[in-house]
Participant: 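Handing you this structure, nothing more for now.
Quick note on labels: first sequence line is chain A, next is B, and so on, each numbered from 1.
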2 protein chains.
Amino acid sequence: MESNVATTPEVLAQRLANSGLRATPQREIIYGVLLKKRDHPTADEVYARVRTDMPGISLATVYNCLETLVQCDLVRAVNFERGPTRYCPNLRPHAHFHDEQSGSTHDIDLPAEILDKVRSVLPPGYNAKSVEITFRGKAADEQKSSQP
Amino acid sequence: MESNVATTPEVLAQRLANSGLRATPQREIIYGVLLKKRDHPTADEVYARVRTDMPGISLATVYNCLETLVQCDLVRAVNFERGPTRYCPNLRPHAHFHDEQSGSTHDIDLPAEILDKVRSVLPPGYNAKSVEITFRGKAADEQKSSQP
DNA sequence: AGTGAGATTTAGAACAATTCCAATTATTGT
DNA sequence: ACAATAATTGGAATTGTTCTAAATCTCACT
Ligand SMILES: [Mn+2]
Ligand SMILES: [Mn+2]
Ligand SMILES: [Zn+2]
Ligand SMILES: [Zn+2]
């Protein structure tokens, strides 16, 4: 029973329409790139991947589309320190584990129970719209390089 | 029983010495500024405050000194989204509540019990050196402006 | 007190990521 | 088709930070 999880171009179009926006080829390809390899790419990395399918796309458009997807709640923008923003199409509540050695980022699912516990540290009067949890450290077996 | 909490110039000097560094006037004043008003100022804000005491200081030095204090574990660098880095001399384990309206940042103490619960979501093999928790939302009664 | 090595500060240039801008191109409804 | 609106584009501009190379300071030693 996955509510709220868009994984197809059709769903993308629907979500965009909800916000009065159009499903353009650029938006579809960029969203597809994010779904295909969920390694939290930067805008530059998305740009590089998209260009193999759509060589004429501009970096400005990549930024525009990513921003649009974030606005539609189809994608989360993720930041570590002051590094470039990374993009994540995982809509379930999750934390991020940032491996400092490899630079890779892993999603860590967050049970609602834990999220509630965390929210419980807030004194009365503090109304949190969002909670962000980030781990930094070393993850074991980085699976060699990345060729499957 | 506060271990690890430096609040005086002398302790600063000690900590710096531990790392083979000197206690310069610039470092002392900057650390003093952070201790005096714990509102998580940016480098620019620190620069402005320091200049009232030391008009000749340079912005590069402010950046250098802040970085040094972070290296010595006397100060934490705090980031929200892609905003400018903010600096926090609170060494206790704590989360940050970022009030989007006012732009202000509040420390939220984190009981060890909660921190452990949060760490417990990590699958085996994930070794977290640090955990960062950030709330975003609206805090009630922003105490009018700020004149006491 | 004077000297030299090394640390620190400084001003300004350089940089990286992102946003802005004005012009062009695409899509939509009539 | 046509006009209105939305989206894309290349390049300039902006922001926060880091780099660089020169000047200054500090400390240890004579
Ligand atoms: Mn990293
Ligand atoms: Mn803010
Ligand atoms: Zn993620
Ligand atoms: Zn803090």
Participant: Can you measure A:Leu21 atom CG to C:dT27 atom P for me and round it to whole angstrom units?
Facilitator: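 Checked: the CG to P distance equals 15 Å.
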Participant: What integer distance in Å separates B:Arg27:CZ from D:dT26:P?
Facilitator: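 Taking CZ of B:Arg27 and P of D:dT26, I get 12 Å after rounding.
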Participant: How close or far is atom P of D:dT18 from atom CG of B:Asp44, stated in whole angstroms?
Facilitator: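 Rounding to the nearest Å, CG of B:Asp44 and P of D:dT18 are 13 Å apart.
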Participant: What's the CG-P distance between B:Asn79 and C:dA17, to the nearest Å?
Facilitator: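 In whole Å, C:dA17 P and B:Asn79 CG are 15 Å from each other.
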Participant: Does A:Thr24 place a side-chain N or O at less than 4.0 Å from the phosphate oxygens OP1/OP2 of D:dT8?
Facilitator: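 Result: yes.
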Participant: Mind calculating the distance between CZ (A:Arg22) and C1' (C:dA26) to the nearest angstrom?
Facilitator: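 In whole Å, C:dA26 C1' lies 8 Å from A:Arg22 CZ.
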Participant: For B:Asn64 and B:Pro84, take the nucleotide of DNA chain D holding the closest heavy atom to each; which residue's nucleotide lies nearer the 5' end?
Facilitator: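 Its nucleotide being nearer the 5' end, the pick is B:Pro84.
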Participant: Any side-chain donor-acceptor pair under 3.5 Å between B:His40 and B:His96?
Facilitator: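 A pair is found: one side chain offers a donor N or O, the other an acceptor, under 3.5 Å apart.
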Participant: If you find the nucleotide of DNA chain C closest to B:Arg82 and the one closest to B:Thr61, which residue's nucleotide is nearer the 5' end?
Facilitator: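 The 5'-side residue here is B:Thr61.
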Participant: How long is the line joining CG of B:Leu59 and C1' of D:dT15, in whole Å?
Facilitator: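 Atom-to-atom, B:Leu59 to D:dT15, this comes out as 12 Å.
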Participant: With nearest nucleotide decided by heavy atoms, which residue, B:Pro25 or B:Ala43, maps closer to the 5′ end of DNA chain D?
Facilitator: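 That would be B:Ala43.
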Participant: Rounded to whole angstrom units, what separation is found between the CD atom of B:Glu67 and the P atom of C:dT8?
Facilitator: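 Going from CD in B:Glu67 over to P in C:dT8 covers 13 Å.
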Participant: Reckon A:Thr42 touches a base, only the sugar-phosphate, or nothing at all at heavy-atom distances under 4.0 Å?
Facilitator: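 No contact.
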Participant: Which value, rounded to the nearest 0.5 Å, describes the distance between B:Asp39 atom CG and B:Leu34 atom CG?
Facilitator: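 Interatomic distance, B:Asp39 CG to B:Leu34 CG, rounded to 0.5 Å: 9.0 Å.
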Participant: Between the side chain of B:Thr68 and the main-chain N/O of B:Asn64, is any donor-acceptor distance below 3.5 Å?
Facilitator: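 Confirmed, B:Thr68 side chain pairs with B:Asn64 backbone.
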Participant: Between B:Ala23 and B:Ser58, which has a closest nucleotide on DNA chain C that is more 5'?
Facilitator: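 Per heavy-atom nearest nucleotide, the more 5' residue is B:Ala23.
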Participant: Think B:Gln26 has a side-chain N or O under 4.0 angstrom from the OP1 or OP2 of C:dT10?
Facilitator: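 Checking B:Gln26 against C:dT10: at least one side-chain N or O falls below 4.0 Å of OP1 or OP2.
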Participant: Base, sugar-phosphate, or nothing for B:Gly56, non-hydrogen atoms under 4.0 angstrom?
Facilitator: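 Here B:Gly56 touches the backbone only, sparing every base.
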Participant: Run the numbers on A:Asp107 and A:His94 for side chain to side chain donor-acceptor pair (under 3.5 Å), then give the verdict.
Facilitator: CA-CA 6 Å; A:Asp107 285 352; A:His94 68 280; 3.2 Å; yes
Participant: I want to check one thing: is the phosphate of D:dT17, taken as OP1 and OP2, less than 4.0 Å away from some side-chain N or O of B:Tyr63?
Facilitator: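 True: B:Tyr63 side-chain N/O within range (under 4.0 Å) of D:dT17 OP1/OP2.
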Participant: Looking at B:Tyr47, I'd like to know if the NZ or CZ of B:Arg51 sits under 6.0 Å from its six-membered ring centre while staying within 45 degrees of the ring's axis.
Facilitator: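 Positive - B:Arg51 is close enough to the ring of B:Tyr47 and near enough to its axis.
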Participant: Taking atom C1' of D:dT15 as reference, at what distance in whole Å does atom OH of B:Tyr47 sit?
Facilitator: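 Atom-to-atom, B:Tyr47 to D:dT15, this comes out as 16 Å.
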